[in-house]
4 protein chains.
Amino acid sequence: MGEDKRESIIEAALRLFEDQGYHTTKVSDIVHKAGVAQGTFYLYFKSKEDLFRSIAESCLGQIADAIKQNCTGDMKEEALYRMILESLRVYYNNKTILKILNGHGAASTEIADISDAFYRTIMLVIKQSFLDWGAFPNYSDAQLEIAAYSKIGMVELVAYQCFVVQNYDTTHIESIAQVLAGVNAPCQLESTEAGDK
Amino acid sequence: MGEDKRESIIEAALRLFEDQGYHTTKVSDIVHKAGVAQGTFYLYFKSKEDLFRSIAESCLGQIADAIKQNCTGDMKEEALYRMILESLRVYYNNKTILKILNGHGAASTEIADISDAFYRTIMLVIKQSFLDWGAFPNYSDAQLEIAAYSKIGMVELVAYQCFVVQNYDTTHIESIAQVLAGVNAPCQLESTEAGDK
Amino acid sequence: MGEDKRESIIEAALRLFEDQGYHTTKVSDIVHKAGVAQGTFYLYFKSKEDLFRSIAESCLGQIADAIKQNCTGDMKEEALYRMILESLRVYYNNKTILKILNGHGAASTEIADISDAFYRTIMLVIKQSFLDWGAFPNYSDAQLEIAAYSKIGMVELVAYQCFVVQNYDTTHIESIAQVLAGVNAPCQLESTEAGDK
Amino acid sequence: MGEDKRESIIEAALRLFEDQGYHTTKVSDIVHKAGVAQGTFYLYFKSKEDLFRSIAESCLGQIADAIKQNCTGDMKEEALYRMILESLRVYYNNKTILKILNGHGAASTEIADISDAFYRTIMLVIKQSFLDWGAFPNYSDAQLEIAAYSKIGMVELVAYQCFVVQNYDTTHIESIAQVLAGVNAPCQLESTEAGDK
DNA sequence: AATGAATGAGATTTCATTCAT
DNA sequence: TATGAATGAAATCTCATTCAT
């Protein structure tokens with residue numbers, strides 16, 4: 001019962017952060033939307049920032065977990081395509097968080113540490129996948145990390161543009177993944193040595 | 001003379017936004033750092049948000065211009081690699097803006113319109129380059145746009161991680177570009193049909 | 001309970017507006033005098049102007065009501081004298097408002113609409129009384145309105161000068177009313193019995 | 001030449017005070033309308049209030065002078081009517097001041113002394129006229145003053161309502177004066193003893 | 001646990017006035 | 001005399017947080 005209120009506060013905050021951003025959303029907006037009293041807020045959260053961190057932590061944690069589960073393991077075949085596809089699905093299912101994440105930046109001062117940790121976590125998952133697949137046999141550790149970050153940036157901005165800005169629905173996810181997976185191949189043909197180094 | 005003060009306000013704001021973010025930075029911080037009086041601020045800017053928009057507009061405009069100039073034209077050879085390389089250079093030279101941009105998100109409510117326009121502009125430049133090179137002959141318009149956005153997201157997050165978080169210096173730019181340009185090739189080789197579409 | 005604070009804010013504002021005028025009175029003065037916190041003010045009033053309008057509306061409303069009740073009905077006998085007498089009593093009992101009203105003008109930009117409506121309301125009451133008494137049988141509507149306004153102006157300035165500037169007490173009201181009621185007759189008749197007191 | 005600027009400042013201020021009131025009008029508005037520089041203002045006036053006082057003093061002085069000249073002397077015949085008529089003409093010709101006067105109240109804190117003195121001056125002129133005409137032979141001094149103030153209040157509010165609110169033009173002045181002069185006569189007939197008491 | 005009125009520090013913004021040129 | 005950029009004190013208003021009930 002008490003937890004009901006906590007949940008409704010989080011729910012309300014999530015919506016408001018999504019629509020207006022963290023700074024524009026007032027505690028009074030949140031409690032009003034949640035249907036609880038002003039003081040109740042502080043029964044469950046130490047401060048407004050505490051709520052934001054709490055939400056960010058849990059949400060980014062969920063995304064990270066989802067990616068961990070969906071983008072690892074026995075993916076040898078069409079590995080990259082499937083990793084992208086699954087990541088897109090995760091972002092699609094967490095559109096709200098995607099919106100908040102992009103609306104506050106990778107380093108919104110309030111949650112800079114959380115968001116940094118988030119990116120690092122995902123990057124490590126992807127790097128490990130690369131190693132598992134033997135994808136880039138002669139890349140150094142640093143290079144693998146760059147490669148991993150590049151995948152994250154790619155998927156994230158595209159997810160944001162497609163799902164949030166242009167409101168693509170679930171039926172487009174596969175074709176988007178195909179574009180992302182195949183996107184370098186043609187270049188390869190034109191200028192083969194490009195990344196060969 | 002008068003413009004000196006305007007410049008020092010912008011300079012100070014740029015530094016403070018970079019360090020603390022827009023919301024944490026007070027007008028009083030800015031004028032103090034700029035060495036001008038509180039009222040002087042409002043001689044040059046209608047409001048704090050006006051300053052932010054002004055800065056964002058001009059900075060993102062510069063980046064967009066730089067990318068336009070450096071990533072188009074006769075790039076046939078090693079086109080993608082050179083586009084990535086030049087983009088990284090632009091981001092490196094605009095580290096401050098990169099930091100602010102990422103610190104406030106792709107859609108910081110205050111400058112959402114400006115930043116949306118910025119991404120769209122760059123995307124169009126890249127799409128056009130793709131068309132000029134004949135890079136993805138059988139991609140639809142929507143697919144080309146996705147491809148373009150994917151490049152932007154890739155370069156931007158990597159630039160942020162390398163230049164801002166990890167403080168790589170200018171000597172690494174080329175090798176980062178090589179990783180980004182070549183990053184899919186090996187995948188291609190290992191799991192050839194991956195993105196083949 | 002909560003309304004206590006609202007009341008004390010109004011009370012304090014009334015005093016301060018009376019003493020120093022609206023523009024000179026700061027919200028901080030009001031809350032200080034009312035013994036509440038700065039923020040409390042905005043719990044009950046949207047703005048300083050909102051408070052002023054609120055006060056003006058309610059006070060002028062009270063005066064208008066008092067005049068309506070006391071200056072109409074079966075007054076045939078000595079009608080004008082009694083109307084003036086009652087109006088003076090109303091103004092005397094609302095000295096504070098009288099002072100504010102005169103201190104801010106008939107058309108203080110902040111409450112111009114309210115004060116205009118106030119004068120119009122009273123004028124209409126008086127015009128109706130004139131009609132009820134058959135006082136000016138061959139006056140046009142416009143002329144009756146002018147006559148009504150003239151009575152208001154007369155009573156108001158005299159009330160201000162006597163009650164506010166010269167601090168006459170309640171015992172003088174009747175004799176003032178006599179002067180005002182009789183003041184024109186003598187002139188008319190060559191002014192023989194003048195103020196026959 | 002220098003005085004040109006002084007004049008244009010006064011002119012501009014007069015217009016702006018009339019339209020928006022003293023407090024709403026900024027010095028920057030005035031100098032802008034007057035076409036001079038900000039600093040020039042302080043070459044001619046010590047402060048904004050100084051300008052206001054200066055304007056009020058001169059304008060009210062003009063009205064007082066005009067009333068003095070037009071409402072005294074050999075007016076025996078129809079004395080009251082002619083005094084009212086002339087006063088209305090004075091107010092009509094000084095509509096701007098009338099508007100400012102009413103817009104700021106009889107006792108706008110900034111010019112309270114000036115405006116008090118103004119009313120007192122006019123009152124004395126009228127009282128003297130009453131004495132000259134032998135209008136109210138057995139009125140005490142205090143009663144004569146009340147009578148005089150009543151005339152001022154009457155004319156002023158009617159002038160404001162007719163000339164400012166309803167924009168009557170010069171052709172109506174005479175008929176307004178007739179209404180004001182005759183306004184008590186009919187009452188007299190209906191309830192003869194009215195002021196007798 | 002729940003309430004919501006009250007708080008007050010602090011932020012943004014305004015604008016009369018000054019002063020170096 | 002004239003300028004107008006610069007000033008900074010001060011005012012209004014906001015809102016996260018507290019606390020008595």
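Hydrogens, waters and symmetry mates play no part in the numbers below; they use all other heavy atoms, side chains included. Source: prediction; values computed, not measured.
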Using atom [atom1] of [X] as one end and atom [atom2] of [N] as the other, report the distance to the nearest whole Å.
| X | N | atom1 | atom2 | result |
| --- | --- | --- | --- | --- |
| H32(D) | dA16(E) | NE2 | P | 15 Å |
| L51(B) | dT13(E) | CG | C1' | 14 Å |
| F41(D) | dA5(F) | CZ | C1' | 18 Å |
| K5(B) | dA20(E) | NZ | P | 13 Å |
| D29(B) | dT13(E) | CG | P | 14 Å |
| R6(D) | dA2(F) | CZ | C1' | 17 Å |
| I30(D) | dG4(F) | CD1 | C1' | 17 Å |
| L16(B) | dA11(E) | CG | P | 14 Å |

Which nucleotide, [options], lies nearest any side-chain atom of [X]?
| X | options | value |
| --- | --- | --- |
| T40(C) | dT12(F), dT7(E), dT3(F) | dT7(E) |
| K26(B) | dT12(E), dT7(E), dG4(E) | dT12(E) |
| V27(C) | dC15(F), dT12(F), dA5(F) | dT12(F) |
| Y42(B) | dG8(F), dT14(E), dA2(F) | dT14(E) |

So which one's nearest nucleotide on DNA chain F is more toward 5', K48(A) or V36(D)?
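Looking at DNA chain F, the more 5' nearest nucleotide goes with V36(D).
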Please tell me which of L43(B) and T25(C) maps to the more 5' nucleotide of DNA chain F, matching each residue to the nucleotide holding its nearest heavy atom.
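This one resolves to L43(B).
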Taking only side-chain N and O atoms of K46(A), does any of them lie within less than 4.0 angstrom of OP1 or OP2 on dA16(F)?
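Negative; the distance criterion is not met.
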Side-chain N,O (Y44(A)) to OP1/OP2 (dA1(E)) below 4.0 Å:
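So the side-chain polar atoms of Y44(A) never come under 4.0 Å of the phosphate oxygens OP1 or OP2 of dA1(E).
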So what's dA2(E) paired with, Watson-Crick or G-U wobble, going by both distances under 3.5 Å?
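Per the H-bond distance test, dT21(F).
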Identity of whatever pairs with dA16(E) - Watson-Crick or G-U, under 3.5 angstrom
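The answer is dT7(F), by the H-bond criterion.
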To the closest 0.5 Å, what do you measure between [atom1] ([X]) and [atom2] ([Y])?
| X | Y | atom1 | atom2 | result |
| --- | --- | --- | --- | --- |
| N94(D) | I63(D) | CG | CD1 | 4.5 Å |
| D19(B) | L14(B) | CG | CG | 10.5 Å |
| I114(B) | T121(B) | CD1 | OG1 | 11.5 Å |

Whether K48(C) side chain and T25(C) backbone form a donor-acceptor pair below 3.5 Å:
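Confirmed, K48(C) side chain pairs with T25(C) backbone.
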No-H, no-angle donor-acceptor pair, Q38(C) side chain to dT7(E) base, under 3.5 Å
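Result: no qualifying N/O pair found.
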Indicate the ring-plane relationship of Y22(B) and F17(B), choosing parallel, tilted or perpendicular according to the 30° and 60° boundaries.
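Ring orientation, 0 to 90° scale: perpendicular.
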Name the residue closer to the 5' end of DNA chain E, choosing between S28(B) and G39(C) according to the nucleotide with the nearest heavy atom.
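Nearest-nucleotide comparison on DNA chain E picks G39(C).
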